[in-house]
Undergrad: 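To start, I am sharing the structure in question, which I have written as structure tokens.
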Amino acid sequence: MKLTRGPRPPKTTADAFMKARRDILETIQRIPRGKVASYSGVAFAAGWPGRARLVARVLSDVPPEYEGLPWQRVINAQGKIAIPKSSPGHLKQQRLLKAEGVVILNGKISFAAHGWKPGDASPLLD
DNA sequence: AAACTGACGTGAT
DNA sequence: CATCACGCCAGTT
């Protein structure tokens with residue numbers, strides 16, 4: 001009898017990726033209004049240090065069940081909006097951030113002023 | 001299968 | 001400041 005199609009073995013890499021994506025999205029949800037975090041910071045806080053690129057990847061295609069995710073609060077380590085200036089998303093992110101009180105000076109945001117440190121407070125409520 | 005592409009980061013020049 | 005070279009890694013060509 002040939003069981004070439006038996007029970008599927010766990011694809012650890014893919015499973016790990018799905019877990020990572022969950023961790024990352026949940027971490028971003030905890031960034032409060034008026035605060036921002038870098039891609040690497042989110043990766044670290046999510047338990048996936050060194051995976052900034054993965055955060056970017058996840059953010060570039062947010063699952064529909066995460067509607068309302070404060071994606072605009074994730075910026076690059078230089079304090080700048082990572083989306084290309086030419087993209088419409090750039091302006092949108094800039095508008096959203098300014099609307100929640102984030103100061104953008106010369107295209108840069110001060111982490112000293114708005115940087116989110118996991119463990120600050122008020123999750124769930126923005 | 002190999003090359004290329006990012007919403008990245010860091011260190012060197 | 002700006003650039004470059006790398007390291008990184010899932011997706012796309």
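Every chain is numbered from 1, with letters handed out A, B, ... down the list of sequences. These figures come from a predicted structure and were not determined experimentally. Below, all heavy atoms of this structure are taken into account, side chains as well, without hydrogens, waters or symmetry copies.
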Undergrad: Can you list, in residue-number order, the parts of residues 61-68 of chain A that come under 4.0 Å of DNA chain B, counting heavy atoms only?
TA: none
Undergrad: When the side chains of residues 58-68 of chain A are checked against the rest of the protein, which donor-acceptor pairs come out under 3.5 Å, sequence neighbours left out?
TA:
from: A/Ser60; atom 1: OG; to: A/Arg57; atom 2: O; distance (Å): 2.7
from: A/Ser60; atom 1: OG; to: A/Arg57; atom 2: NH1; distance (Å): 3.2

Undergrad: If you round to the nearest 0.5 Å, how far is NE2 of A/His114 from CZ of A/Arg33?
TA: 11.5 Å
Undergrad: What pairs with A/Gln93 under side chain to side chain donor-acceptor pair (under 3.5 Å), at least two apart in sequence or on another chain?
TA: none
Undergrad: Between the side chains of A/Glu100 and A/Arg73, is the shortest nitrogen-to-carboxylate-oxygen separation below 4.0 Å, so that they form an ion pair?
TA: yes
Undergrad: In Å and rounded to the nearest 0.5 Å, what is the CD to NZ distance from A/Gln78 to A/Lys108?
TA: 9.5 Å
Undergrad: Quick check: do A/Gln29 and A/Leu69 have side-chain heavy atoms less than 4.5 Å from each other?
TA: yes
Undergrad: Any chance you could list the contact pattern along nucleotides 8-13 of chain B? Use B for base contacts, S for sugar-phosphate-only contacts and - for none, protein heavy atoms under 4.0 Å, 5' to 3'.
TA: BSB---
Undergrad: Among all residues two or more places apart in sequence or in another chain, which pass the side chain to side chain contact (heavy atoms under 4.5 Å, CB included) test with A/Lys92?
TA: A/Trp71, A/Arg95, A/Leu96
Undergrad: Roughly how far, to the nearest 0.5 Å, is CD1 of A/Ile81 from CD1 of A/Ile75?
TA: 8.0 Å
Undergrad: What distance, rounded to whole Å, do you find between the two P atoms, one in B/dT5 and one in C/dC4?
TA: 16 Å
Undergrad: Any base atoms under 4.0 Å from A/Lys80, or only sugar-phosphate, or nothing? Heavy atoms, all strands.
TA: nothing
Undergrad: Determine the Euclidean distance between corresponding P atoms of B/dA7 and C/dC6; express it in Å to zero decimal places.
TA: 23 Å
Undergrad: With the criterion being N/O to N/O and under 3.5 Å, what pairs connect the protein with nucleotides 10-12 of chain C, and how long is each?
TA:
from: C/dG11; atom 1: O3'; to: A/Arg57; atom 2: NH2; distance (Å): 3.3

Undergrad: How would you list all residue pairs meeting side chain to side chain donor-acceptor pair (under 3.5 Å) that involve residues 38-47 of chain A, not counting sequence neighbours?
TA: A/Ser38-A/Ser40
Undergrad: Which residues pass the salt bridge (charged side-chain N to carboxylate O under 4.0 Å, His left out) test with A/Lys19, sequence neighbours left out?
TA: A/Asp23
